[in-house]
Amino acid sequence: MDNQLFYPIDRTNLGYFSYDSSFTPQTIISRFIRATENGEYAVILGFHKIGKDDEGFGANCPPEEFREIMQWIFDNSYQVVTIKELIDK
């Protein structure tokens, strides 16, 4: 998949990537790898809800996939910060 979500949203290289229930953890991991290759300063990864698909919201990220994504981010030494911390940098 190669669409506008894979590109920085502005010239300061701040990227945004909103989770969609059709994604796999590998989709998210690929986005982080591309961000690193492109020299993006940060990627804002958005989740609407962490929960099972049967909880009535189509963009849910199942808890086990969220754990897998977060574990990969941790294992690969990406820094997780709040939006406020990002703005203050």
Side-chain angles (χ1 to χ4, degrees):
M1 178 195 284
D2 191 8
N3 58 44
Q4 69 185 35
L5 294 177
F6 284 95
Y7 298 101
I9 60 172
D10 65 20
R11 293 185 180 165
T12 61
N13 288 326
L14 179 64
Y16 178 76
F17 193 64
S18 179
Y19 180 86
D20 182 275
S21 59
S22 67
F23 295 162
T24 66
Q26 188 57 46
T27 307
I28 305 298
I29 291 167
S30 295
R31 176 61 180 94
F32 274 87
I33 291 170
R34 182 176 273 186
T36 300
E37 291 170 350
N38 290 340
E40 294 176 41
Y41 179 75
V43 173
I44 299 169
L45 179 57
F47 292 93
H48 292 281
K49 183 177 179 184
I50 310 302
K52 297 179 182 177
D53 285 338
D54 61 358
E55 291 181 352
F57 189 69
N60 288 353
C61 179
E64 58 278 0
E65 289 186 16
F66 182 77
R67 278 190 291 280
E68 183 179 340
I69 293 163
M70 293 299 113
Q71 188 64 55
W72 185 91
I73 289 170
F74 175 80
D75 290 347
N76 287 274
S77 303
Y78 284 89
Q79 183 179 6
V80 177
V81 297
T82 65
I83 296 291
K84 181 174 181 349
E85 290 170 323
L86 181 62
I87 290 169
D88 291 344
K89 284 191 172 200

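Quantities reported herein were computed from a predicted structural model and do not represent experimental measurements.
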Engineer: Going from CD on Q26 to CD on E68, what distance comes out if it is rounded to the nearest 0.5 angstrom?
Structural biologist: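 Q26 CD to E68 CD: 8.5 Å, rounded to 0.5 Å.
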Engineer: For a quick test of reading the model, state the closest non-hydrogen atom pair linking E40 to R34 and the distance between them.
Structural biologist: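 Scanning both residues completely, I find the closest heavy atoms to be OE2-O, 4.4 Å.
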Engineer: Mind listing the closest non-hydrogen atom pair of G51 and N60 along with its distance?
Structural biologist: O-CB, 3.4 Å
Engineer: Quick one: pull up CD1 in I28 and CZ in F23 and give me the separation to the nearest 0.5 Å.
Structural biologist: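 Spacing of CD1 (I28) from CZ (F23) equals 6.0 Å.
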Engineer: In Å and rounded to the nearest 0.5 Å, what is the CD1 to CD1 distance from I29 to I73?
Structural biologist: 8.5 Å
Engineer: Would V43 and F74 show up in the same hydrophobic cluster when neighbours are defined by side-chain heavy atoms closer than 4.5 Å?
Structural biologist: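 Shared cluster, no.
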Engineer: Could you state the interatomic distance from OG1 (T27) to CD1 (I69), rounded to the nearest 0.5 Å?
Structural biologist: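 So the gap between those two atoms works out to 8.5 Å.
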Engineer: Can you tell me how far apart SG (C61) and CE (M70) are? Round to the nearest 0.5 Å.
Structural biologist: 7.5 Å
Engineer: Are T36 and Y78 close enough that a side-chain donor and a side-chain acceptor fall under 3.5 Å?
Structural biologist: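 Yes, a side-chain donor-acceptor pair sits under 3.5 Å.
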Engineer: Calculate, to the nearest 0.5 Å, the distance between atoms CD and OH belonging to E65 and Y19 respectively.
Structural biologist: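 Those atoms lie 4.0 Å apart.
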